[in-house]
There are 2 protein chains.
Amino acid sequence: MAVQLRPAQALRLWEAVLLEMVRTAEPDLSARQMTILLTLYLETHAHTVRGLAERLGVTKPVITRALDSMGRMGLVTRKRDPADRRNVLIQRTVEGALFVERLGDRVAKKAAELPH
Amino acid sequence: MAVQLRPAQALRLWEAVLLEMVRTAEPDLSARQMTILLTLYLETHAHTVRGLAERLGVTKPVITRALDSMGRMGLVTRKRDPADRRNVLIQRTVEGALFVERLGDRVAKKAAELPH
DNA sequence: TTTAATCGGTTCGGCTCCGAAACAAACAGG
DNA sequence: CCTGTTTGTTTCGGAGCCGAACCGATTAAA
């Protein structure tokens, strides 16, 4: 069964989750950083800087800087591709996986609490 | 009937909507700005700068600047409170309402397209 | 009336981010 | 080799945001 979510409910859900994010402001991720993080943890194949830049429709430095800051937060790691040493493969971390998992739980919880 | 959304589905939904936002990047709103906008359009009572600052847990200049930029985008307007002229009441605009409405439709559409 | 409190806005130095361009390293083909 | 391409990073000037502190206007209290 597909997920039934009316536009008004969607907005309430979006606001509730955003408000909790802004208020707690743990690792404060921008929309771009959050998109990169979710892409990394939901699309399981290997990811490169170039691939992420194309997917998001941004330039390469944006990805490099986002990976820098998320790396400082411990959410991702980088490794040279041994097969083609020009490439950098972005790798997941335990901390990053936990962060994404908490986000999923948070959204699901807010959805369950929505008025009918 | 409450909204049923598993954590894995929630993450897919979040990623899909964020990706579309980043790629189109129309009015590019930060998490704080988006939260303010949704608060204004979902909580129908009158809003002041101070009230919004408390709700989001941020300082007043943050709200002032967010309202400045959203005002330039045509998403909100400000008006002095005639009853207490120290207050500034934030007002909705047609353009802002349309923006919020599009967001709701977008999230609902992505939710309906989610795999089971 | 004078003093204090409240409200939104502005100033300030510091920090982050932006994209275009230049760059170094690594491959590919002749 | 040597030339050209690809990949990720760095540099650069410019723009925007940050919170603490301060400011001017307004209201409330003494």
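Chain naming here is simple, since letters A, B, ... match the order of the sequence lines and numbering starts at 1 in each. None of the values given here were measured: they were computed from a predicted structure. Just so it is clear, the values below take in all heavy atoms, side chains as well, and ignore hydrogens, waters and symmetry mates.
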Inset, instruction - Taking B:Arg85 for its side chain and B:Arg80 for its backbone only, find out whether a donor-acceptor pair lies under 3.5 Å. - result: no

Legend entry - The single option from B:Arg102, B:Glu101, B:Glu95 passing side-chain contact (heavy atoms from CB on, under 4.5 Å) against B:Phe99: B:Arg102

Legend entry - Pairwise side-chain contact, A:Leu5 with A:Leu114, heavy-atom cut-off 4.5 Å (strictly under): yes

Inset, instruction - Identify whether any heavy atom of A:Ser30 sits under 4.0 Å from a base atom; if not, whether one sits that close to sugar-phosphate; answer base, sugar-phosphate or nothing. - result: nothing

Inset, instruction - Take the protein atom CG of A:Leu67 and the nucleotide atom P of D:dT7, then report the distance between them rounded to whole Å. - result: 16 Å

Legend entry - Distance in angstrom units between B:Asp68 CG and D:dA15 C1', rounded: 16 Å

Legend entry - Ionic contact status for B:Arg12 with A:Glu43, cut-off 4.0 Å: yes

Legend entry - Earlier contact from the 5' end, DNA chain C, for B:Asn87 and A:Ala66: B:Asn87

Inset, instruction - State whether the side chain of A:Arg106 and the backbone N or O of A:Val17 hold a donor-acceptor pair below 3.5 Å, judged by distance alone. - result: no

Inset, instruction - Rounded to the nearest angstrom, tell me the gap between atom CD in B:Gln33 and atom P in D:dG16. - result: 12 Å

Inset, instruction - Ignoring the backbone of A:Pro61, work out which of D:dC18, D:dG8, D:dT10 is nearest its side chain. - result: D:dT10

Inset, instruction - Could you check how far CG of A:Leu89 sits from P of D:dT7, rounded to whole Å? - result: 13 Å

Legend entry - Spacing of A:Leu52 atom CG relative to D:dT7 atom P, expressed in whole Å: 13 Å

Strictly under 3.5 Å: I want the nitrogen or oxygen pairs between protein and nucleotides 26-30 of chain D, one per line.
unit_1, atom_1, unit_2, atom_2, d
D:dT27, OP1, B:Arg85, N, 3.1

Inset, instruction - Write down the distance between CZ (B:Arg65) and P (D:dA15), rounded to a whole number of angstrom. - result: 18 Å

Legend entry - Check: B:Met34 and B:Met21 side chains under 4.5 Å, non-hydrogen atoms: yes

Legend entry - Rounded distance (Å) that lies between atom P of D:dT6 and atom CD1 of A:Ile63: 19 Å

Inset, instruction - Send over the distance from A:Ile36 CD1 to D:dG8 P, rounded to a whole Å. - result: 13 Å

Inset, instruction - Check whether any side-chain heavy atom of B:Leu19 sits under 4.5 Å from a side-chain heavy atom of A:Leu56, and report yes or no. - result: yes

Legend entry - Heavy-atom donor-acceptor pair, B:Arg6 side chain to A:Gly104 backbone, under 3.5 Å: no

Legend entry - Salt-bridge contact A:Arg55-B:Glu15 (side-chain N to carboxylate O under 4.0 Å): yes

Inset, instruction - Under 4.0 Å between any heavy atoms, over every strand shown, what does B:Val62 touch: base, sugar-phosphate, or nothing? Just pick one. - result: sugar-phosphate

Legend entry - 5' to 3' contact window, DNA chain C with chain B (heavy-atom distance under 4.0 Å): C:dT6 to C:dT10

Inset, instruction - Assign B:Arg50 to base, sugar-phosphate, or nothing according to its heavy-atom contacts below 4.0 angstrom with the strands shown. - result: sugar-phosphate

